[in-house]
Amino acid sequence: MKVYKFGGASVKSAQGVRNLQAIIEHESQPLVVVVSAMGKMTNALEQVVNSFFQRKPDLQRNLEAVMSYHNEIAKELFDAEDDSIHGKLDDLYTELKEMLLHKPSLSYDYEYDRIVSFGELLSTTIISEYLRSCGMPIEFVDIRNCLITDGNYREANVDMNLSKELCRNTISFDTPKVYLTQGFIAGTETNQTTTLGREGSDYTAALLANLLDAESVTIWKDVPGVMNADPKYFDPVEIIPQLSYKEVIELSYCGASVIHPKTVKPLQNKKIPLHVKSFLQPHLEGSIVHEYPFKLELPPIYINKRNQVLLTLTPRDFSFIAEEKLSKIFGVLASYRMKSSLIQTSAISFSLCIDYNEMHFQKMIEELKDEYEVLYNTDVELLSIRHYTKEIVDQLIGERLVFVEQRNRLTARFVIPSM
Ligand code: ASP
Ligand code: MG
């Protein structure tokens with residue numbers, strides 16, 4: 001059994017849904033297909049959450065934007081007389097509107113998950129109805145009943161034992177069907193909706209593959225495989241045909257957005273290969289992530305992590321930065337869901353590069369100010385070069401201003417002003 005994952009970009013239009021159908025049509029069954037919200041609908045639903053939670057007057061308008069986007073796609077895919085799809089969409093809209101009528105609870109994260117999850121529910125509803133109308137044997141799986149998590153909303157942790165049993169009860173190895181389900185979302189034992197963290201659909205695909213002992217996972221993307229640099233900023237770039245799990249986890253830690261960082265572990269643990277292929281050119285080989293018994297020759301790989309902030313903390317009482325202090329600092333970071341991408345310590349100061357989130361950042365600074373002198377630069381990016389050579393570093397960095405630099409045998413990293 002294979003697991004296929006289609007991200008938002010692949011199903012952003014009716015044309016995208018038809019393309020998905022063409023890709024899976026000839027695939028052997030059973031096949032598990034994991035789908036994200038269409039296009040940028042998760043962002044659009046985040047706007048809905050914010051309007052709802054902050055009781056802003058644009059709530060209705062933001063909600064309309066989500067509904068009309070899906071209605072447009074449905075209109076192109078189905079005949080006007082097809083009541084079934086419109087009935088199903090209306091049921092979801094009604095459920096969502098119902099939630100928005102009540103006063104928000106105190107937990108932003110809880111409200112976030114129950115609202116944002118509609119992106120995946122709407123996309124899988126449209127896609128499953130479309131595939132069915134093409135005559136495919138579709139089984140719609142509400143993943144919230146199969147992937148069970150704790151109540152850590154927005155970054156929920158999966159209970160693998162419980163989920164394994166439920167997934168195996170729902171998805172059968174012997175029935176030639178296409179099991180269509182949602183990425184990114186999950187549920188608690190008490191039927192609350194949770195999510196696994198932004199861009200988490202890759203992770204869902206990997207979890208399902210692990211729980212079902214699938215033969216492989218394929219992530220269908222708008223790039224022809226894992227590239228050695230972002231073609232938007234580098235020219236020429238090349239596809240890397242083979243990568244180890246370890247390489248991919250290092251790349252995603254450096255900020256490569258090609259695969260969600262949590263995706264690798266469930267696959268590595270069961271040695272399940274991961275294919276990264278283009279939904280625009282499905283005949284191309286793409287990249288395969290697996291464990292290789294030999295050393296792979298890799299080209300230099302460039303990763304620019306943008307929108308970073310470089311933060312430097314110095315204890316006001318001049319005490320040394322020691323383990324106890326560090327664990328407190330990390331506690332504060334974790335409580336604001338800040339993720340550090342580079343860390344450097346000296347005797348009495350501690351610098352780290354983190355993803356910049358304006359709202360949380362200022363609050364966090366306020367909290368740290370009591371004990372630390374806080375300095376920060378917001379307009380920075382983190383450039384990582386895997387498999388670097390001296391020539392490449394000279395060429396890229398040259399005389400540029402570098403705030404922090406770190407090198408080990410395989411990776412050179414530079415915190416530099418944004419380009
Ligand atoms: N729709 C979710 C997001 O945009 C999950 C995903 O796309 O992987 O974050
Ligand atoms: Mg998405």
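Both counts, for ligands and for their atoms, begin at 1 and track the order of listing. Note that the structure is predicted; figures quoted are calculated from it, not measured. What's counted below: heavy atoms across the whole structure, side chains too, no hydrogens, waters or symmetry copies.
- In terms of N/O distances under 3.5 Å, ligand 1 is approached by E199.
- For ligand 1, the atoms lying closer than 4.0 Å to a non-hydrogen atom of S201 are 5 (C), 6 (C), 8 (O).
- Near R198, meaning under 4.0 Å from one of its heavy atoms, ligand 1 places the atoms 3 (C), 4 (O), 9 (O).
- For D230 and R306, the salt-bridge test fails: no basic side-chain N is under 4.0 Å from an acidic carboxylate O.
- Between I126 and F78 there is a side-chain heavy-atom pair separated by less than 4.5 Å.
- Within the 4.0 Å heavy-atom cutoff, G119 does not count among the residues contacting ligand 1.
- Taking the charged nitrogens against the carboxylate oxygens, E165 and R168 have no contact shorter than 4.0 Å, which rules out a salt bridge.
- Taking 4.0 Å as the cut-off, E120 counts as a neighbour of ligand 1 on heavy-atom distance.
- Of all atoms in ligand 1, numbered sequentially from 1 with element shown, those under 4.0 Å from a heavy atom of F184 are 2 (C), 5 (C).
- In summary, K369 and E366 engage in a salt bridge, as defined by a charged side-chain N under 4.0 Å from a carboxylate O.
- For the atom pair CD1 of I272 and CG of D213, the computed distance is 6.0 Å after rounding to the nearest 0.5 Å.
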